[in-house]
Amino acid sequence: MYYIGVDLGTSAVKLLLMEGNGKIANVVSKEYPLYFPNPGWSEQKPEDWWKAVMEGLKELTDGFDKSQVAGISFGGQMHGLVILDKDDNVIRPALLWNDGRTFEETDYLNNVIGKDKLSEYTANIAFTGFTAPKILWIKNKEPENFAKIAKIMLPKDYIAYKLSGSFCTDVSDASGMLTFDVKNKCWSKEMLDICGIREDQMAKIYESYEVVGTLKPEVAAQLGLSENVKIAAGAGDNAAAAVGTGTVGDGKCNISLGTSGTIFISSKEFGVDKNNALHSFAHADGKYHLMGCMLSAASCNKWWMEEIQQSKEFAAEQAAITEDKLGENHVYFLPYLMGERSPHNDSNARGTFIGMTMDTSRADMYQAVLEGVAFAIRDSLEVAKSLNIPITRSKICGGGAKSPLWKKIFANVLNISLDIIESEEGPGYGGAMLAAVACGEYASVEEAAEKLVKVVDTVEPDPAIAAKYEERYRKFVQIYPAVKEIFPKIQ
């Protein structure tokens with residue numbers, strides 16, 4: 001049988017066709033526009049997602065025995081706000097995870113409602129990217145649209161709804177809304193009241209591997225697939241990537257270098273970091289996880305190369321950063337191009353170079369960009385260490401992980417072993433695995449991960465380089481506190 005994983009990303013949807021034994025049969029990608037109507041705003045049209053998904057599904061299955069497609073599931077960009085009216089029309093473009101307009105609503109939630117109460121209700125505090133502040137923004141700034149809301153959903157759940165007619169979400173994606181009681185896996189009545197919304201406007205909650213419905217007849221006919229194809233709830237992109245990298249069970253770690261960057265630590269037990277520097281979310285394996293998220297990771301690399309250098313020759317530019325330069329750079333870069341989430345929770349933070357001199361080269365600055373992202377991920381790793389979570393190795397995935405140089409920098413900055421897996425498909429592969437579990441191909445997410453995820457290489461830290469980076473990291477952590485007060489003044 002075949003299983004389809006739909007990775008609904010920020011720049012494109014990536015669709016993956018997987019055989020029951022885990023072999024990838026086909027991969028298709030379809031891009032769609034990203035809109036920035038005002039500085040710091042980030043939107044997409046759900047209709048663009050749907051068009052891309054339908055085109056992608058047709059292309060993905062072309063030339064294959066479509067009768068063998070058994071299930072479809074998802075990994076999706078988290079936190080985005082999709083709102084539909086009573087006739088199921090999209091009311092306005094979706095506000096995305098990296099949209100920074102909700103600083104007033106975030107401040108209200110954290111400082112008027114209070115972080116202690118938010119943590120009690122949802123296990124998390126408010127970040128500008130989360131969904132609850134977006135709901136409040138619509139309520140405050142677009143009351144006419146707020147009055148029309150019949151359904152509130154997340155990006156991938158809009159696709160699930162269009163495919164199956166099931167108004168659903170999963171526990172991992174719902175965890176990032178700040179309207180969800182993570183510990184008890186239900187909507188928080190207190191948070192719904194604070195946002196001025198009703199439970200009937202919220203989706204039914206499922207575990208990520210549960211079946212939510214089957215293909216609608218008219219959709220099945222368009223795609224040439226059976227109406228019996230099962231749709232599984234799926235997961236937020238980071239939880240789906242964790243499944244796809246085998247980061248399930250207790251105490252496993254995955255680092256993802258996509259547009260955003262995350263460090264993901266799976267846990268059998270529910271737990272909360274007392275400072276809420278890490279997110280405490282439900283996991284796609286039925287358990288829980290802690291996650292640190294930085295808003296600009298591989299996007300820093302893309303920005304430096306394509307916007308500043310006006311080049312796409314990434315490998316050629318990185319060739320100038322030789323191994324003898326690792327740990328020796330005098331230039332530092334704060335990678336906060338879109339503000340920052342973990343652990344600073346500062347929407348005003350901005351990208352910053354410091355330490356340049358007359359002999360600073362282009363390669364030094366590029367190296368600083370790559371190192372800055374690694375240092376920022378280490379900030380979250382340090383929080384995990386403070387919770388007595390021992391992390392000596394991690395998987396690494398995402399577009400940024402395709403760079404041998406960047407993996408070497410990460411291994412030495414974090415001073416841990418980094419395992420490279422056979423499939424680099426992350427959320428799409430995780431989505432296909434969740435579909436396989438939903439269809440009974442595997443008894444559990446852990447069994448699927450154990451049988452399908454294979455480590456093919458490991459990048460080990462070099463003790464001498466790691467020691468140099470240890471010293472440089474101690475300097476890096478002093479930069480943000482020193483410049484923090486300047487950021488709001490230069491907006």
Testing the 3.5 Å rule here: is there a donor-acceptor pair between the side chains of N124 and T122? no
Is there a side-chain contact between L15 and D7, using heavy atoms and a 4.5 Å cut-off? no
Check: M202 and I197 side chains under 4.5 Å, non-hydrogen atoms: yes
Determine whether T169 and D157 satisfy the following criterion, side-chain hydrogen bond (donor to acceptor under 3.5 Å, both in side chains), listing intermediate values before the conclusion. CA-CA 6 Å; T169 193; D157 302 329; 2.6 Å; yes
For a side-chain contact (heavy atoms from CB on, under 4.5 Å) with E422, tell me which candidate from D457, V456, V455 qualifies. V456
Are N301 and W406 close enough that some pair of their side-chain heavy atoms sits under 4.5 Å apart? yes
Is there a side-chain contact between K252 and S266, using heavy atoms and a 4.5 Å cut-off? yes
Is the distance between the ring centroids of Y161 and Y158 less than 6.0 Å? no
Close aromatic pair by centroid cut-off 6.0 Å: H283 and Y288: no
Looking only at heavy atoms, what is the nearest atom pair of V453 and G246, with distance? CG2-N, 3.6 Å
Going by atom types alone, do D273 and N276 pair a side-chain donor with an acceptor below 3.5 Å? no
Flag the pair E269 and K287 as a salt bridge only when some basic side-chain nitrogen lies within less than 4.0 angstrom of an acidic carboxylate oxygen. no
My understanding is that only one of I83, V82, D173 makes a side-chain contact (heavy atoms from CB on, under 4.5 Å) with M153; could you say which? V82
Only one of D88, D85, D200, D87 forms a salt bridge (Lys or Arg N to Asp or Glu O under 4.0 Å) with K151, so which one is it? D88
Can you confirm whether the side chains of E460 and S417 place a donor and an acceptor under 3.5 Å from each other? yes
Could you tell me whether K51 and E47 make a salt bridge, using a distance below 4.0 angstrom between a side-chain N and a carboxylate O? no
Is any side-chain heavy atom of I255 closer than 4.5 Å to one of T262? no
Do the charged groups of K302 and E307 touch, with an N to O distance under 4.0 Å? no
For the side chain of T61 and the backbone of F64, is there at least one donor-acceptor N/O pair under 3.5 Å apart? no
Can you confirm whether M291 sits close enough to N238 that some side-chain heavy atom of one is under 4.5 Å from a side-chain heavy atom of the other? yes
Of all heavy-atom pairs linking S166 and V212, the shortest is OG-O, 3.2 Å
Taking the side chain as every heavy atom from C-beta outward, state whether M305 and Q310 have any pair of such atoms under 4.5 Å apart. no
To check you understand the geometry: which heavy-atom pair defines the closest contact between A284 and V243, and what is its length? CB-CG2, 3.7 Å
Does a donor on one side chain sit under 3.5 Å from an acceptor on the other, for Y3 and E19? no
Under 30°, 30 to 60°, or over 60°: which ring-plane class applies to Y366 and W304, parallel, tilted or perpendicular? parallel
Pick from F281, Y121, W187: which one makes a ring pair (Phe, Tyr, Trp, His ring centres under 6.0 Å) with F180? W187
Tightest non-hydrogen contact, residues R341 and F127, listed as CG-CD2, 3.0 Å
Salt-bridge contact K58-E55 (side-chain N to carboxylate O under 4.0 Å): no
Without hydrogens or angle criteria, can the side chains of S403 and Q318 be said to hold a donor-acceptor pair below 3.5 Å? yes
Please check if the distance between the ring centroids of F130 and H279 is under 6.0 Å. yes
Between K134 and D99 (salt bridge meaning N to carboxylate O under 4.0 Å), is one present in this structure? no
For W97 and T10, test the side chains for any donor-to-acceptor distance below 3.5 angstrom and give the result as yes or no. yes
Between E43 and R92, is there a salt bridge with N-O shorter than 4.0 Å? yes
Residues D379 and Y473: side-chain donor-acceptor under 3.5 angstrom: yes
Does the pair L16 and N26 meet the rule for a side-chain contact (heavy atoms from CB on, under 4.5 Å), with working shown? CA-CA 6 Å; L16 181 147; N26 199 12; over 6 Å; no
Any side-chain donor near an acceptor of the partner, D419 and T458, under 3.5 Å: yes
For the residue pair Q367 and E371, confirm or rule out a side-chain donor-acceptor distance under 3.5 Å. yes
Would you mind reporting whether L17 and V28 have side-chain heavy atoms less than 4.5 Å apart? no
Within the 3.5 Å criterion, strictly below it, is a donor on D170 or S208 matched to an acceptor on the partner's side chain? yes
